[in-house]
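What follows is a set of notes on a single structure, which appears directly below.
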Amino acid sequence: MAEERLRVQVAGRELEVSHLDRVLWPGDGLTKADFIGYLLQVAPYLLPHLRDRPLVCTRYPDGAGAPGFYQKDAPAGTPPWVRTWPHRTREGRRIRFILADEPATLAWLGQQAAIEIHPWLSTIHHPHRPDWVVFDLDPGPRATFAMAVEVALLVRQVLAALELEGYPKTSGATGLHVFVPILPEHPYPVVTEFARRLAGVVERLRPALVTTVRAVAQRPPSSVYLDFLQNGLGKTLVTVYGPRPRPGAPVSMPVTWDELERGVDPGTFTLRTAPARLQQVGDLWALAEAGRRSLTPACRRLGLDVAAGRPLPSPV
DNA sequence: GCTATGA
DNA sequence: TCATAGCAACGCAGG
DNA sequence: CCTGCG
(Lines give C-alpha, C1' and ligand atoms only; values in the text may rest on other atoms or scores of the structure.)
Protein backbone atom coordinates (compact mmCIF):
# COMPACT_ATOMS: atom_id res chain seq x y z
CA MET A 1 0.00 0.00 0.00
CA ALA A 2 1.50 3.27 -1.11
CA GLU A 3 1.90 5.95 1.44
CA GLU A 4 -0.95 8.35 1.28
CA ARG A 5 -0.41 12.01 1.81
CA LEU A 6 -3.40 14.24 1.94
CA ARG A 7 -3.66 17.95 1.35
CA VAL A 8 -6.24 19.42 3.67
CA GLN A 9 -7.58 22.84 4.46
CA VAL A 10 -7.77 23.87 8.10
CA ALA A 11 -9.26 27.24 8.86
CA GLY A 12 -7.87 28.81 5.74
CA ARG A 13 -4.47 27.14 5.80
CA GLU A 14 -3.29 24.30 3.66
CA LEU A 15 -1.22 21.51 5.09
CA GLU A 16 -0.29 17.91 4.37
CA VAL A 17 -1.26 15.06 6.61
CA SER A 18 -0.27 11.44 6.45
CA HIS A 19 -0.45 8.20 8.40
CA LEU A 20 -3.86 9.12 9.77
CA ASP A 21 -4.48 5.51 10.74
CA ARG A 22 -1.27 5.21 12.73
CA VAL A 23 -2.05 4.28 16.29
CA LEU A 24 -0.51 6.83 18.64
CA TRP A 25 -1.91 5.34 21.84
CA PRO A 26 -1.46 1.58 21.56
CA GLY A 27 -4.02 -0.22 23.65
CA ASP A 28 -6.47 2.61 23.32
CA GLY A 29 -6.84 2.42 19.57
CA LEU A 30 -6.40 6.14 19.25
CA THR A 31 -4.95 7.18 15.93
CA LYS A 32 -3.32 10.26 14.59
CA ALA A 33 -6.65 11.16 13.03
CA ASP A 34 -8.18 11.03 16.51
CA PHE A 35 -5.37 13.17 17.84
CA ILE A 36 -5.68 15.85 15.19
CA GLY A 37 -9.44 15.75 15.57
CA TYR A 38 -9.07 16.29 19.30
CA LEU A 39 -6.75 19.25 18.87
CA LEU A 40 -9.18 20.89 16.46
CA GLN A 41 -12.13 20.23 18.76
CA VAL A 42 -10.47 21.81 21.77
CA ALA A 43 -8.71 24.55 19.80
CA PRO A 44 -11.10 27.28 21.02
CA TYR A 45 -10.23 26.38 24.62
CA LEU A 46 -6.58 25.57 24.12
CA LEU A 47 -5.34 28.35 21.87
CA PRO A 48 -5.96 31.24 24.30
CA HIS A 49 -3.60 29.59 26.77
CA LEU A 50 -0.86 29.01 24.22
CA ARG A 51 -0.98 32.39 22.58
CA ASP A 52 2.37 34.19 22.45
CA ARG A 53 4.09 31.51 24.50
CA PRO A 54 7.15 29.73 23.13
CA LEU A 55 6.42 26.02 22.92
CA VAL A 56 8.47 22.97 23.67
CA CYS A 57 7.03 19.79 22.19
CA THR A 58 7.66 16.15 22.81
CA ARG A 59 6.98 14.13 19.72
CA TYR A 60 6.08 10.46 19.36
CA PRO A 61 5.95 9.67 15.66
CA ASP A 62 6.01 5.95 16.44
CA GLY A 63 3.35 6.22 19.07
CA ALA A 64 3.27 6.64 22.83
CA GLY A 65 4.74 3.18 23.35
CA ALA A 66 7.96 4.05 21.57
CA PRO A 67 10.63 6.58 22.48
CA GLY A 68 9.89 10.20 21.72
CA PHE A 69 12.05 13.29 21.54
CA TYR A 70 11.95 16.92 22.52
CA GLN A 71 11.75 19.64 19.96
CA LYS A 72 12.20 23.35 20.51
CA ASP A 73 13.51 24.68 17.24
CA ALA A 74 11.01 24.83 14.38
CA PRO A 75 12.16 22.00 12.12
CA ALA A 76 13.10 22.44 8.47
CA GLY A 77 9.92 22.09 6.50
CA THR A 78 7.79 24.00 9.00
CA PRO A 79 5.00 25.66 6.97
CA PRO A 80 5.75 29.33 6.39
CA TRP A 81 2.49 30.37 8.02
CA VAL A 82 3.43 28.82 11.35
CA ARG A 83 4.48 31.70 13.57
CA THR A 84 7.86 31.44 15.27
CA TRP A 85 9.83 33.51 17.75
CA PRO A 86 13.59 33.73 17.47
CA HIS A 87 15.40 33.41 20.73
CA ARG A 88 19.07 33.48 21.59
CA THR A 89 19.94 31.20 24.48
CA ARG A 90 22.53 32.15 27.06
CA GLU A 91 24.95 29.92 25.19
CA GLY A 92 24.34 31.84 21.99
CA ARG A 93 22.29 29.16 20.32
CA ARG A 94 19.52 30.44 18.07
CA ILE A 95 16.16 28.78 18.44
CA ARG A 96 13.00 29.60 16.52
CA PHE A 97 10.30 28.65 18.98
CA ILE A 98 6.92 27.68 17.61
CA LEU A 99 3.95 29.82 18.61
CA ALA A 100 0.45 28.37 18.31
CA ASP A 101 -2.10 31.02 17.52
CA GLU A 102 -4.46 29.33 15.08
CA PRO A 103 -6.15 25.96 14.65
CA ALA A 104 -4.03 25.04 11.65
CA THR A 105 -0.90 25.18 13.78
CA LEU A 106 -2.44 22.67 16.16
CA ALA A 107 -3.34 20.42 13.24
CA TRP A 108 0.23 20.63 12.00
CA LEU A 109 1.55 19.77 15.46
CA GLY A 110 -0.82 16.81 15.40
CA GLN A 111 0.57 15.68 12.07
CA GLN A 112 4.02 16.00 13.66
CA ALA A 113 2.85 13.66 16.44
CA ALA A 114 3.66 16.36 18.98
CA ILE A 115 1.70 14.62 21.71
CA GLU A 116 2.94 16.87 24.48
CA ILE A 117 2.82 20.64 24.23
CA HIS A 118 4.66 22.61 26.90
CA PRO A 119 4.25 26.39 26.89
CA TRP A 120 6.63 28.74 28.65
CA LEU A 121 5.54 30.46 31.85
CA SER A 122 6.17 33.83 30.19
CA THR A 123 5.07 35.29 26.88
CA ILE A 124 7.20 36.77 24.13
CA HIS A 125 6.10 40.21 25.33
CA HIS A 126 7.98 39.76 28.62
CA PRO A 127 10.12 36.67 28.06
CA HIS A 128 12.08 37.13 31.29
CA ARG A 129 9.07 37.86 33.47
CA PRO A 130 6.73 34.93 34.06
CA ASP A 131 3.01 35.44 34.49
CA TRP A 132 2.51 32.13 36.26
CA VAL A 133 3.95 30.66 39.42
CA VAL A 134 3.69 26.88 39.21
CA PHE A 135 3.86 24.00 41.63
CA ASP A 136 4.19 20.44 40.41
CA LEU A 137 2.86 17.91 42.91
CA ASP A 138 4.15 14.46 42.23
CA PRO A 139 3.10 11.60 44.53
CA GLY A 140 5.90 9.14 45.28
CA PRO A 141 5.58 5.46 44.33
CA ARG A 142 3.83 4.69 47.62
CA ALA A 143 1.74 7.84 47.72
CA THR A 144 -1.70 8.41 46.26
CA PHE A 145 -3.48 11.01 44.23
CA ALA A 146 -5.55 11.78 47.32
CA MET A 147 -2.33 12.73 49.07
CA ALA A 148 -1.42 15.03 46.22
CA VAL A 149 -4.83 16.63 46.67
CA GLU A 150 -4.07 17.09 50.34
CA VAL A 151 -0.85 18.88 49.48
CA ALA A 152 -2.59 20.99 46.87
CA LEU A 153 -5.06 22.13 49.52
CA LEU A 154 -2.15 23.12 51.75
CA VAL A 155 -0.61 25.10 48.92
CA ARG A 156 -3.95 26.75 48.40
CA GLN A 157 -4.17 27.61 52.08
CA VAL A 158 -0.73 29.21 52.20
CA LEU A 159 -1.44 31.12 49.00
CA ALA A 160 -4.68 32.37 50.51
CA ALA A 161 -2.81 33.64 53.55
CA LEU A 162 -0.74 35.65 51.09
CA GLU A 163 -3.89 36.84 49.34
CA LEU A 164 -3.10 34.85 46.24
CA GLU A 165 -5.23 32.31 44.48
CA GLY A 166 -4.08 29.01 43.08
CA TYR A 167 -5.77 27.05 40.32
CA PRO A 168 -5.41 23.27 40.13
CA LYS A 169 -5.27 20.97 37.16
CA THR A 170 -4.52 17.33 36.79
CA SER A 171 -1.14 16.64 35.25
CA GLY A 172 -2.38 13.86 33.04
CA ALA A 173 -0.10 11.53 34.93
CA THR A 174 -0.31 10.73 38.64
CA GLY A 175 -0.11 14.21 40.10
CA LEU A 176 -1.42 17.71 40.14
CA HIS A 177 -0.32 21.16 39.09
CA VAL A 178 -1.20 24.31 40.98
CA PHE A 179 -0.87 27.47 38.90
CA VAL A 180 -0.90 30.98 40.35
CA PRO A 181 -1.68 33.74 37.87
CA ILE A 182 0.53 36.79 38.45
CA LEU A 183 1.30 40.05 36.74
CA PRO A 184 4.57 39.80 34.80
CA GLU A 185 6.38 42.19 37.14
CA HIS A 186 9.33 40.19 38.36
CA PRO A 187 12.12 38.28 36.67
CA TYR A 188 12.33 34.51 36.99
CA PRO A 189 14.81 34.42 39.89
CA VAL A 190 12.44 36.40 42.13
CA VAL A 191 9.53 34.13 41.27
CA THR A 192 11.63 31.03 41.78
CA GLU A 193 12.67 32.25 45.21
CA PHE A 194 9.08 33.03 46.08
CA ALA A 195 8.07 29.51 45.08
CA ARG A 196 10.95 28.01 47.03
CA ARG A 197 9.87 29.78 50.20
CA LEU A 198 6.24 28.93 49.80
CA ALA A 199 7.13 25.29 49.20
CA GLY A 200 9.26 25.39 52.33
CA VAL A 201 6.33 26.62 54.37
CA VAL A 202 4.15 23.80 53.07
CA GLU A 203 6.83 21.23 53.74
CA ARG A 204 7.21 22.40 57.33
CA LEU A 205 3.45 22.22 57.85
CA ARG A 206 3.35 18.50 57.02
CA PRO A 207 6.86 17.09 56.86
CA ALA A 208 5.65 13.51 56.70
CA LEU A 209 3.44 14.23 53.72
CA VAL A 210 5.47 16.74 51.70
CA THR A 211 9.03 16.72 50.46
CA THR A 212 10.91 19.30 48.45
CA VAL A 213 14.02 17.17 48.05
CA ARG A 214 15.10 16.62 44.45
CA ALA A 215 17.06 13.42 44.86
CA VAL A 216 14.58 10.61 44.34
CA ALA A 217 16.51 8.29 46.65
CA GLN A 218 16.13 10.78 49.47
CA ARG A 219 12.41 11.26 49.12
CA PRO A 220 10.16 9.16 51.32
CA PRO A 221 8.30 6.95 48.82
CA SER A 222 5.04 7.70 50.58
CA SER A 223 5.42 11.45 50.34
CA VAL A 224 4.39 13.94 47.71
CA TYR A 225 7.20 15.76 45.94
CA LEU A 226 6.45 19.47 45.84
CA ASP A 227 8.51 20.68 42.90
CA PHE A 228 8.92 24.44 42.75
CA LEU A 229 11.99 24.39 40.50
CA GLN A 230 9.96 24.46 37.30
CA ASN A 231 9.71 28.20 37.83
CA GLY A 232 12.53 29.15 35.51
CA LEU A 233 13.27 30.60 32.09
CA GLY A 234 12.61 27.94 29.50
CA LYS A 235 11.14 25.52 32.04
CA THR A 236 7.71 24.20 31.28
CA LEU A 237 4.81 22.09 32.41
CA VAL A 238 2.44 20.39 30.04
CA THR A 239 -0.30 22.69 28.77
CA VAL A 240 -3.79 22.64 30.11
CA TYR A 241 -5.97 20.37 27.90
CA GLY A 242 -2.79 18.73 26.63
CA PRO A 243 -2.61 14.95 26.24
CA ARG A 244 0.14 12.74 27.60
CA PRO A 245 1.84 9.78 25.95
CA ARG A 246 0.49 7.39 28.54
CA PRO A 247 -2.02 4.55 28.53
CA GLY A 248 -5.55 5.84 28.31
CA ALA A 249 -4.50 9.06 26.59
CA PRO A 250 -5.02 11.20 29.69
CA VAL A 251 -5.08 14.97 29.43
CA SER A 252 -4.12 17.69 31.85
CA MET A 253 -7.47 19.05 32.97
CA PRO A 254 -8.37 22.06 35.11
CA VAL A 255 -10.54 21.09 38.03
CA THR A 256 -12.26 23.04 40.75
CA TRP A 257 -11.14 22.83 44.36
CA ASP A 258 -14.53 21.40 45.06
CA GLU A 259 -13.98 18.57 42.61
CA LEU A 260 -10.67 17.79 44.25
CA GLU A 261 -12.22 17.72 47.70
CA ARG A 262 -14.89 15.37 46.43
CA GLY A 263 -12.23 12.95 45.23
CA VAL A 264 -12.40 13.32 41.48
CA ASP A 265 -10.61 10.59 39.53
CA PRO A 266 -7.97 12.19 37.29
CA GLY A 267 -8.11 9.14 35.03
CA THR A 268 -11.52 10.21 33.78
CA PHE A 269 -10.02 13.06 31.78
CA THR A 270 -8.84 11.68 28.48
CA LEU A 271 -8.62 12.46 24.80
CA ARG A 272 -12.02 10.84 24.44
CA THR A 273 -13.80 12.51 27.36
CA ALA A 274 -12.25 15.97 27.50
CA PRO A 275 -14.26 17.59 24.67
CA ALA A 276 -17.59 16.75 26.33
CA ARG A 277 -16.41 18.12 29.66
CA LEU A 278 -15.25 21.30 27.97
CA GLN A 279 -18.66 21.70 26.38
CA GLN A 280 -20.33 21.19 29.73
CA VAL A 281 -18.18 23.21 32.11
CA GLY A 282 -16.42 25.54 29.70
CA ASP A 283 -12.91 26.82 30.03
CA LEU A 284 -12.10 26.77 33.77
CA TRP A 285 -8.63 28.03 32.98
CA ALA A 286 -10.04 31.29 31.68
CA LEU A 287 -10.94 32.03 35.30
CA ALA A 288 -7.33 31.58 36.25
CA GLU A 289 -6.14 33.82 33.42
CA ALA A 290 -8.56 36.49 34.56
CA GLY A 291 -7.19 36.48 38.10
CA ARG A 292 -3.70 37.87 37.62
CA ARG A 293 -2.40 39.74 40.66
CA SER A 294 0.80 41.33 41.73
CA LEU A 295 3.19 39.01 43.49
CA THR A 296 4.87 41.94 45.19
CA PRO A 297 2.94 42.02 48.49
CA ALA A 298 3.30 38.26 48.91
CA CYS A 299 7.03 38.49 48.25
CA ARG A 300 7.41 41.14 50.91
CA ARG A 301 5.56 39.01 53.40
CA LEU A 302 7.94 36.17 52.73
CA GLY A 303 10.89 38.44 53.31
CA LEU A 304 11.85 38.86 49.66
CA ASP A 305 13.43 42.12 48.61
CA VAL A 306 11.64 42.69 45.36
CA ALA A 307 13.11 46.08 44.61
CA ALA A 308 16.58 44.60 44.35
CA GLY A 309 15.38 42.65 41.33
CA ARG A 310 16.70 39.51 42.93
CA PRO A 311 16.22 37.73 46.20
CA LEU A 312 18.32 38.81 49.14
CA PRO A 313 19.58 36.27 51.62
CA SER A 314 16.98 35.49 54.22
CA PRO A 315 17.39 37.61 57.35
CA VAL A 316 17.49 35.16 60.21
C1' DG B 1 7.89 12.69 10.84
C1' DC B 2 10.92 14.72 8.28
C1' DT B 3 15.27 16.70 6.67
C1' DA B 4 20.17 16.69 6.10
C1' DT B 5 24.19 13.80 5.94
C1' DG B 6 27.37 10.73 4.06
C1' DA B 7 28.32 6.46 1.99
C1' DT C 1 19.75 5.81 -3.73
C1' DC C 2 19.54 4.56 0.75
C1' DA C 3 20.33 4.27 5.77
C1' DT C 4 20.69 6.84 9.60
C1' DA C 5 21.37 10.70 12.93
C1' DG C 6 19.24 14.44 14.94
C1' DC C 7 15.51 16.53 16.93
C1' DA C 8 16.66 20.21 24.62
C1' DA C 9 19.20 21.74 28.31
C1' DC C 10 21.11 23.45 32.51
C1' DG C 11 21.11 24.94 37.12
C1' DC C 12 21.20 23.12 41.30
C1' DA C 13 21.93 20.05 45.18
C1' DG C 14 23.95 15.99 47.26
C1' DG C 15 27.73 13.05 47.52
C1' DC D 1 34.56 17.61 41.01
C1' DC D 2 30.76 14.47 39.21
C1' DT D 3 25.93 12.81 38.94
C1' DG D 4 20.98 12.86 39.25
C1' DC D 5 17.11 15.31 38.72
C1' DG D 6 13.18 17.63 36.33
Side-chain angles (χ1 to χ4, degrees), chain A residues 3-6 8 15-24 31-33 35-36 39 54-80 82 84-98 105-121 128 134-141 171-177 187-193 195-196 199-200 203 211-219 221 223-238 244-245 252 310-311:
Chain A
E3 169 170 3
E4 188 185 5
R5 300 192 62 80
L6 220 54
V8 295
L15 67 143
E16 278 199 344
V17 293
S18 64
H19 305 118
L20 290 177
D21 292 334
R22 174 153 304 165
V23 174
L24 289 188
T31 64
K32 199 158 80 172
F35 180 40
I36 295 173
L39 291 172
L55 301 184
V56 178
C57 298
T58 56
R59 297 179 48 194
Y60 294 81
D62 296 320
F69 59 90
Y70 280 82
Q71 186 147 336
K72 296 186 175 180
D73 200 15
T78 299
V82 168
T84 59
W85 178 70
H87 176 64
R88 179 84 71 107
T89 67
R90 286 189 203 84
E91 269 61 35
R93 219 174 107 87
R94 285 183 169 87
I95 293 183
R96 293 167 58 237
F97 281 93
I98 291 157
T105 302
L106 294 178
W108 174 70
L109 288 172
Q111 162 62 17
Q112 297 283 98
I115 288 183
E116 285 187 327
I117 300 174
H118 301 78
W120 276 22
L121 304 178
H128 300 286
V134 298
F135 297 94
D136 182 7
L137 283 57
D138 189 14
S171 71
T174 59
L176 275 169
H177 299 154
Y188 274 102
V190 169
V191 176
T192 306
E193 184 61 20
R196 176 198 310 279
E203 185 179 33
T211 180
T212 61
V213 173
R214 260 127 285 145
V216 167
Q218 275 195 74
R219 310 210 282 247
S223 69
V224 175
Y225 176 45
L226 177 54
D227 184 2
F228 58 87
L229 284 170
Q230 282 310 104
N231 295 281
L233 177 64
K235 307 265 196 168
T236 58
L237 260 45
V238 71
R244 311 302 300 274
S252 176
R310 45 176 293 204

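In what follows, chains are A, B, ... by sequence order, proteins preceding strands, each numbered from 1. The shown structure was predicted, so the numbers you read here are calculated from the model rather than taken from an experiment. Below, each value reflects all heavy atoms present in this structure, side chains not excepted, and no hydrogens, waters or symmetry copies.
Atom CG in A:L226 sits roughly 18 Å away from atom P in D:dC5 (whole-Å rounding). The CH2 atom of A:W108 sits 10 Å away from the C1' atom of B:dC2 (whole-angstrom rounding). Counting to the nearest Å, the C1' atom of D:dC5 and the CG atom of A:N231 are 16 Å from each other. Summarising the geometry, the separation between CZ on A:R59 and P on B:dG1 is reported as 8 Å, rounded to the nearest angstrom. Counting to the nearest Å, the P atom of B:dT3 and the CZ atom of A:R96 are 14 Å from each other. Atoms CD (A:Q71) and C1' (B:dA4) sit 14 Å apart, rounded to a whole Å. Taking atom CG on A:L237 and atom C1' on D:dC5, their separation rounds to 15 Å, with Å as the unit.
The same atom, C1', is picked in C:dG11 and in B:dC2; the two are 32 Å apart, to the nearest Å. To the nearest whole angstrom, the two P atoms, one in D:dC5 and one in C:dA8, are 23 Å apart.
Across all strands, A:V213 comes closer than 4.0 Å to no nucleic acid atom at all (heavy-atom distances). Within 4.0 Å (heavy atoms only), A:R93 reaches sugar-phosphate atoms of the nucleic acid but no base atom. Using a 4.0 Å heavy-atom criterion, one finds that A:D73 contacts the sugar-phosphate atoms exclusively.
In this structure, A:K32 contributes its side chain and A:L24 its backbone to no donor-acceptor pair below 3.5 Å. At least one donor-acceptor pair under 3.5 Å links the side chain of A:Q71 to the backbone N or O of A:D73. Side-chain N or O atoms of A:R5 include none that pairs as donor or acceptor with a backbone N or O of A:S18 at under 3.5 Å. The closest donor-acceptor contact from the side chain of A:Q230 to the backbone of A:T236 lies under 3.5 Å. A:R59 places no side-chain N or O within 3.5 Å of a backbone atom of A:G68 that could act as its donor or acceptor partner.
For DNA chain C, the outermost nucleotides in 5' to 3' order that have an atom under 4.0 Å from a heavy atom of chain A are C:dC7 to C:dG15.
Checking the phosphate oxygens (OP1, OP2) of D:dC5, no side-chain nitrogen or oxygen of A:Q218 falls inside 4.0 Å. Using a 4.0 Å cut-off, some side-chain N or O of A:R22 falls inside it from OP1 or OP2 of B:dG1.
Between A:W120 and A:F97, the ring-plane angle classifies as perpendicular under the 30° and 60° cut-offs.
Looking at A:T58 and A:H118, their side chains come closer than 4.5 Å, going by heavy atoms from C-beta outward.
Distances were taken from every side-chain heavy atom of A:A76 (C-beta onward) to each of D:dG6, B:dT3, B:dG1; the shortest belongs to B:dT3.
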